Amino acid sequence: MHTGGHCLTLASVPGDTAPPPLVVRPLGGANCSSVGSVVDLLFLTATAGGALLVAVSAALAPAKPAEPAPTEPAPPLDEDPP
Amino acid sequence: MKTRLEPFGAWVRLDDPPVLVALDPDQARRLGLEGADLWKSSTDAPTAPVEVHLAVNQRCSVGCAGCYLDATPQGEEPSTDELLGRLRALAEAGVFVVALGGGEPLLRPDLPVLAREARRLGMSPVMTTSGAGLTPERARGLGAFAQVNVSHDGVDGGYEQVRGVAGAAMAERALQALTEAGVRVGINLVLTRRTFDRVEATAARAAALGAREIQLLRYKPSGRAARLDYLERRLQPAQIDTLPALLASLVRSSGLSVRIDCSMIPWLAGSELDPALAERFGVFGCEAGRHLAATTVQGRVAGCSFLDATGLLSGEIAGSYRSQPALAALRSFADAPPEPCASCPWRRVCRGGCRAVAAWYGDSMQPDPECPRVRRHAAEAR
Ligand code: SF4
Ligand code: SF4
């Protein structure tokens, strides 16, 4: 059946070389009986899904090691530190 | 970031973007997580649900004709301390989202206390309400909820036709009050034969009142809706066939985020949508007893709000969720349902359709009798 919209397929989701997470489930919703799921990304272009995966990858990237702090030149030995 | 180790790897909740992410063990290790024995487990049963529906009462005076819980004005209501204890138990198990519902939650004055405690425990509290009794002042007290959804089944008489009471104006006043109080709001719309044609108009009305999301729900034969006129009230097969086109139109033009409930996945299975993509983006089918559970007003755990309670108490979820026999049976069926589900491309998402609907037809451990593919299969077998 035609859904009347451009359909994103998994193959059309742009990704980088790192394998994407198994599942990315948008949060939100407030239903106390059954469980709801966002379906927007099933009907939008690959760009929307790709953008979400890129944002998730960035948020999950291990923090880079901190750059060493620039060191002040040591004061001459005969000077009192301020 | 909140994390929970699982046999498949780990769940990770991110705040920006607001998503729940499932990682495999290698990906989880990169975040410094180590699953040790759990990752060698012989079962893939989850340690706990992702989302739990917490019944805060079975009390309501609106009297909707199709109330799935059969709530009444005299219905049971646990104390604040009991509910705080249940919240602590859910947090200990690692639950991410707790959805407060009733009955009518607004009959309780302690909702701000419950929502703040859920937040303090690291969970995301949300709530569903009819909006009955929601004054602007009360709305301002609900700021700890991540989202509140108001039931609104349809403009132009749709609400009355589903619920038998004229509540649309009440729902719209509640939407407005919540929006003005800065609470993120959505609507819950039950799809029936008579509301289906009004969905887009109702979405437009909700968006104009500040709603951010529309949650579509399948009408299920449970509670007061489990009567013979269910067959007349439910969505009709010809309407089901046009559902994917309706969803596409809502996504494109309503301005709302669009959600469907777990029991509606069988209705996508005839469309050109990609089930692998649905799986990747976390679309849930029947997750009863796996990623979803409910706690009754008595504090017992059920696979979902539509299913019978098990003997498991909410305080026992942390240690015994994986081994409770009735929950394990739900998972076993959904992991490997019989034909025509076994060969269905949507099986991994759908998981055999709705157990509550199947139960009404006579056997909860059969494929969903209202799935078009299941109907065709049954007709061919005759
Ligand atoms: S055949 Fe079974 S798994 Fe496939 S959509 Fe229907 S109920 Fe779901
Ligand atoms: S039985 Fe399954 S599909 Fe039906 S409402 Fe419960 S979780 Fe959803």
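Because the structure is a prediction, the values reported are computed rather than measured.
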TODO: Would you mind checking which part of B/D26 comes under 4.5 Å of any heavy atom in chain A, side chain (CB onward), backbone (N, CA, C, O), both or neither?
DONE: neither
TODO: Give, as side chain, backbone, both or neither, the part of B/L23 having an atom under 4.5 angstrom from any heavy atom of chain A.
DONE: both
Task: Heavy-atom pairs under 4.5 Å with chain A, option from B/S257, B/A99, B/A288 with the top count - done: B/S257
Open item on the list: Does any backbone or side-chain atom of B/R212 lie under 4.5 Å from a heavy atom of chain A? Answer side chain, backbone, both or neither.
Closed with: neither
Task: Most chain A-contacting option - heavy-atom pairs closer than 4.5 Å, from B/V258, B/L100, B/I265, B/V251 - done: B/V258
Open item on the list: So for B/V50, is it side chain, backbone, both, or neither that comes closer than 4.5 Å to the heavy atoms of chain A?
Closed with: neither
Open item on the list: Heavy-atom cut-off 4.5 Å, strictly under: side chain, backbone, both or neither for B/D24 against chain A?
Closed with: both
Task: Contacts of type ring pair (Phe, Tyr, Trp, His ring centres under 6.0 Å), residue B/F145, not counting sequence neighbours - done: none
Task: Contact origin within B/E279 toward chain A - heavy atom pairs under 4.5 Å - done: backbone
Open item on the list: Distance alone, cut at 3.5 Å: any donor-acceptor contact between the side chains of B/R259 and A/S37?
Closed with: no
Task: Per-residue contact mode, B/V52 against chain A (heavy atom under 4.5 angstrom) - done: neither
Task: Pi-cation contact, A/F43 with B/R252 (under 6.0 Å, within 45°) - done: no
Task: Contact winner vs chain A - B/L20, B/D15, B/D261, B/V21, heavy-atom pairs under 4.5 Å - done: B/L20
Open item on the list: Between A/V38, A/V23, A/V39, who has the most heavy-atom pairs with chain B when the cutoff is under 4.5 Å?
Closed with: A/V23
Task: Proximity breakdown for B/M264 and chain A, heavy-atom pairs closer than 4.5 Å - done: neither
- [ ] Could you check which of B/P275, B/C286, B/G9, B/P18 has the highest count of heavy-atom pairs closer than 4.5 Å to chain A?
- [x] B/P18
Task: Contact origin within B/A294 toward chain A - heavy atom pairs under 4.5 Å - done: neither
